[in-house]
Structure formats: structure tokens, C-alpha cells
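These notes concern the structure reproduced below.
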Amino acid sequence: MISLLSDLALGDAMPESYLQATTEELHVRATKAKALLGDRIYILGHHYQKDEVIEFADATGDSLQLSQIAAKQTADHIIFCGVHFMAETADILTLNEQSVILPDMRAGCSMADMANIDQTERAWIELQKVFGDTIIPLTYVNSTAAIKAFVGRNGGATVTSSNAEEMVSWALTQKGRMLFLPDQHLGRNTAVKLGIKLEEMAIWDPIKQKLELQCALEDVRVILWKGHCSVHMNFLPKHIDNLREKEPERHILVHPECTYEVVQASDYAGSTKYIIDMIEASEPGSKWAIGTEMNLVNRLISTYPDRDIVSLNPFMCPCLTMNRIDLPHLTWALEELVEGRIINQITVDDKTALEAKMALEKML
Ligand code: 13P
Ligand code: SF4
């Protein structure tokens, strides 16, 4: 059985000296190395990255935007400041001669880790026994390349939080039912928006290998994989109730990886790009509570000082794995490239990449 963490070698070891250097020194060294490398490198940064990393990004974006940008890149090396599944996607969408680097191999995603390929193949066999050939698989891009390949070879597609409605609508025109991996919350929130009833959604528990039903088998339209994001699970309906009572004028804006109850109780829900766009378009003086990762919320607070922005959960932390990418690791990756060495390269084998690309291309 392969899990994301065991799947990932811990990668090349960064010399201790990078941890001992001051931020100022690393800043100067990273700037110099980046200038020396010129257009041979391109740095992509997800919105959840720390400011010290985002500062060096040639492009920032949500998962969809970053994969679109990666697909068009011509640079020899792409340094991906994000998490492992995002760098895998970039490797799948770029040419074999281009390298994709994840500055710290420990930057995984606990949600992607909740669906491994063995569990998925087993679930598929069981579900086919119950439902026959009536299911199309969809996977959130927050999944391993092996899961994307599984979805590709079974006629399905990938999905991100910014196109989930479109992709789920498409899937339901293809077959009678859909299996949505690995985030039950994005799957449920999207299906509800499209008018599917909660009772028509079953949950596949990959640990117990069991289907949790709320209606007769023949009425099941959506099968949700029992996975979640441990960061977004920290936003609770009680946080919304407290705010509504104390500050009814504060708008509540969350990521759709939050639970159904939280999304239903908030005013708006959407991808990281949607969250940024909403704040950018908002009136000065308006009040917001945001339910997403803390590096992004802090950046919005500092970028828009004339809006009153707080985290929906006052005790929220950043995503720990996203946070593995820091200035020392970025500087190290850049300086090694200057010396002609590639560290922490992400390589998806050709067969997996080909099948995963079929799923990604339907979305892109
Ligand atoms: P976005 O696609 O909205 O950027 O989300 C990625 C992610 O990992 C959210 O937890
Ligand atoms: Fe994964 Fe959640 Fe972190 Fe996004 S915020 S990378 S889904 S653990």
C-alpha cells in the first residue's frame, strides 16, 4: 500500500547553513541566483505560500491558474512553490526535458494522502459490483498523479474548486452516477449547488471499505470519497453563529473545502482566486471574515488595510505542509541550479503521466 508520505522520498537534504543564514542574507542570495538563471527558470507560487516565497514568484494563482500557466511554460526549470500534487500536475503538463522542482519534498497535502491508488482500485471494483457500469470518476486536483491516471483511464476528469460546478454537471451527463475523490466536502457542496439532494449522496469509507447510504441504492447519484482537508475542518458553524450574533454586518467568505454546514451558513464560497477577487472588489470599510488558510488571510489583511478582515476562526494556523516551502529551501533550489544541479525534482512516470493528462485535459 502506498501513501503519499511513504511514496515521497524525503528528498535531498538541505545543508544546515541555509537555516543559519539570516532572512536578509537569503533574500540577497535568492535575488542574485534568480537573476543569474534568467528565463531558464520560472517560479510558480500558490496563494497559500508565505510572503517571503511569494515575493520571488513569477506567477501566483489558485490550483487551476497554476496548472494552466505550467502547461504554457517554456523555461528549462519550473520551481513549484506549493504542494506535491501541484508539482506533479506541472510535471505532467510540461515537456520531459523541462524539470519541475519542489523545494522541500515534505510539502505534501494531507487530503491527497487520503486516497491512495490501492484503496481506489478496490473501491472501484466494489462499486462496479453494486452499481455496474453507471459511474464516472472525478478527482479534485488535490490528489496524487496515480489517482488522476486512474480517473483518466476510466473516462473521468479532474476538477478544481474554481470549475467544480462545470465539471460535475458534465460528469452527470456522461453516466448516471459520479464517484468524487478525495474531498467529500467539495463534492457535496458542488452537488448541492447543482440541485442534488443530500440523501442522494452516498459516502465511500476507504478504511472500512464500506458504502454509507442515506437512500435506496438505485437512487444514489453521487458517491463521495470520505476525505477532507484538515485545515478547512477548523472552521465550524459555531464560529459563524458567534459572528452573526456580534457583527451581523460582517460578510462571511469561505473556501468550498469547508463542511456543508459552514458553506451553507456563510455568504459566499469559492476558490482562493474567488476569495481574492471578492476582497479586491469590495467596498473600503467593509467587514469580512474569511474561512481559508492563514497565509492567504494575512496577505489580504496587509494588502487591503482599508477593509476590516479577520479569520473566521480566530485561532487559525497556516497549512503546515504548504509552509514547508520557505526562503531557505527556495534559495537552496536556486543556488543549486546556478551550480548546474537539480534538487528535489518531481518526476511522474510516462504511463501515469499519459493517463493523468487525459483527465487533466478534459478540465483544462
Ligand atoms: P485553490 O484551487 O482554491 O487554490 O485551492 C487549493 C487548495 O489546496 C485549497 O486547500
Ligand atoms: Fe491540502 Fe488542505 Fe493544505 Fe490545501 S490547505 S494543501 S487541501 S492540506
Side-chain angles (χ1 to χ4, degrees), residues 3-5 8 44-50 53-54 57 59-70 80-90 102 104-116 138-144 147-148 158-167 180-187 189-190 225-235 253-259 262-263 266 268-279 290-300 311-313 316-325 360 363-364:
S3 79
L4 181 69
L5 290 178
L8 295 180
L44 289 173
H46 185 265
H47 291 311
Y48 290 166
Q49 290 289 297
K50 297 171 191 225
V53 169
I54 286 291
T60 58
D62 66 5
S63 313
L64 178 63
Q65 290 173 302
L66 293 178
S67 42
Q68 286 165 334
I69 299 167
F80 211 112
C81 299
V83 287
H84 191 266
F85 74 80
M86 296 179 179
E88 275 189 334
T89 302
L102 183 67
D104 187 340
M105 281 292 196
R106 296 170 302 174
C109 162
S110 56
M111 178 201 283
D113 204 20
M114 287 178 196
N116 71 44
L138 279 193
T139 186
Y140 190 18
V141 286
N142 297 29
S143 53
T144 63
I147 300 295
K148 292 185 180 82
T158 58
V159 170
T160 77
S161 49
S162 42
N163 62 20
E165 263 177 81
E166 232 174 298
M167 295 308 297
F180 192 95
L181 296 128
D183 184 17
Q184 60 169 308
H185 302 295
L186 179 65
N189 288 324
T190 310
W225 191 269
K226 201 171 191 173
H228 62 264
C229 163
S230 21
V231 175
H232 289 88
M233 293 304 283
N234 290 320
F235 299 106
L253 170 58
V254 302
H255 195 281
E257 286 174 15
C258 291
T259 63
V262 167
V263 169
S266 47
Y268 311 96
S271 74
T272 53
K273 175 185 183 314
Y274 174 88
I275 291 173
I276 295 168
D277 291 348
M278 284 293 287
I279 298 297
I290 303 182
T292 198
E293 198 272 346
M294 209 53 215
N295 283 329
L296 174 56
V297 176
N298 282 334
R299 189 167 312 115
L300 289 168
S311 169
L312 179 56
N313 176 347
M316 194 61 193
C317 307
C319 169
L320 292 179
T321 48
M322 278 275 180
N323 248 24
R324 293 278 189 191
I325 311 294
L360 282 161
M363 173 189 84
L364 290 169

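All heavy atoms count here, side chains included; hydrogens, waters and symmetry mates do not. Atoms within a ligand are numbered from 1 in the order they appear, just like the ligands themselves.
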(message) Under a 4.0 angstrom heavy-atom cut-off, which atoms of ligand 1 come close to S271?
(response) 3 (O)

(request) For ligand 1, note which part of D62 has a heavy atom under 4.0 Å away: side chain, backbone, both or neither. (result) both

(message) Quick check on contacts: which atoms of ligand 1 are under 4.0 angstrom from a heavy atom of Y48?
(response) 7 (C), 9 (C), 10 (O)

(request) Within a distance under 4.0 Å of any heavy atom of N142, pick out the atoms of ligand 2 and give their elements. (result) 7 (S)

(request) Provide the number and element of each atom of ligand 1 under 4.0 Å from a heavy atom of N142. (result) 7 (C), 8 (O)

(request) If you have a sec, work out which protein heavy atom is nearest atom 8 (S) of ligand 2 and how many Å separate them, to one decimal? (result) S110 OG, 3.6 Å

(request) Check each atom of ligand 1 against the heavy atoms of H232 and keep those under 4.0 Å away; list them by number with element. (result) 10 (O)

(request) Could you tell me which non-hydrogen atom of M111 sits nearest to which non-hydrogen atom of N142, and how far apart they are? (result) SD-CB, 3.7 Å

(message) To the closest 0.5 Å, what do you measure between SG (C319) and NE2 (H46)?
(response) 9.5 Å

(request) Calculate, to the nearest 0.5 Å, the distance between atoms CG and CZ belonging to L186 and F180 respectively. (result) 4.0 Å

(request) Drop me the distance from I290's CD1 to L300's CG, to the nearest 0.5 angstrom. (result) 5.0 Å

(request) Among all protein heavy atoms, pick out the one at the shortest distance from atom 3 (Fe) of ligand 2; state its residue, atom name and that distance to 0.1 Å. (result) C319 SG, 2.4 Å

(request) Would you check if the side chain of W225 reaches a backbone N or O of T139 as a donor-acceptor pair within less than 3.5 Å? (result) no

(message) Just to confirm my output: which protein heavy-atom neighbour is closest to atom 2 (O) of ligand 1, and how far is it?
(response) S63 OG, 2.7 Å

(request) Would you mind telling me if ligand 1 is within reach of the side chain of H46, the backbone, both or neither, using heavy atoms under 4.0 Å? (result) side chain

(request) May I ask you to check whether S63 and T160 show a side-chain donor-acceptor distance below 3.5 Å? (result) no

(request) For atom 1 (Fe) of ligand 2, grab the closest protein heavy atom and report residue, atom and distance to one decimal in Å. (result) C109 SG, 2.4 Å

(request) Verify, without hydrogens or angle tests, whether D104 (side chain) and I325 (backbone) share a donor-acceptor contact under 3.5 angstrom. (result) no

(request) Answer side chain, backbone, both or neither: which part of H255 comes under 4.0 Å from ligand 1, heavy atoms only. (result) side chain

(message) Can a donor-acceptor pair be found, under 3.5 Å and without considering hydrogens, that links the side chain of K148 to the backbone of V141?
(response) yes

(request) Please confirm whether the backbone N or O of M316 pairs with a side-chain atom of N234, one donor and one acceptor, at under 3.5 Å? (result) no

(request) May I ask you to check if any N/O/S atom from C229 comes under 2.8 Å of atom 2 (Fe) of ligand 2? (result) yes

(request) Please determine if S161 has a nitrogen or oxygen closer than 3.5 Å to a nitrogen or oxygen of ligand 1. (result) yes

(message) With a heavy-atom distance limit of 4.0 Å, tell me whether M111 approaches ligand 1 through its side chain, its backbone, both, or neither.
(response) neither

(request) Check ligand 2 against E257 and write out every atom of the ligand that is under 4.0 Å from a heavy-atom position of the residue. (result) 2 (Fe), 7 (S)

(message) I'd like to know if S230 contacts ligand 2, where contact means a heavy-atom distance under 4.0 Å to any ligand atom.
(response) no

(message) Counting only heavy atoms closer than 4.0 Å, does ligand 1 sit against the backbone of E257, its side chain, both, or neither?
(response) side chain

(message) For the backbone of G108 and the side chain of R324, can you confirm whether one donor and one acceptor N or O come within less than 3.5 Å of each other?
(response) no

(message) Looking at every non-hydrogen atom in both residues, tell me the closest pair between E293 and H232 and how far apart they are.
(response) N-NE2, 4.1 Å

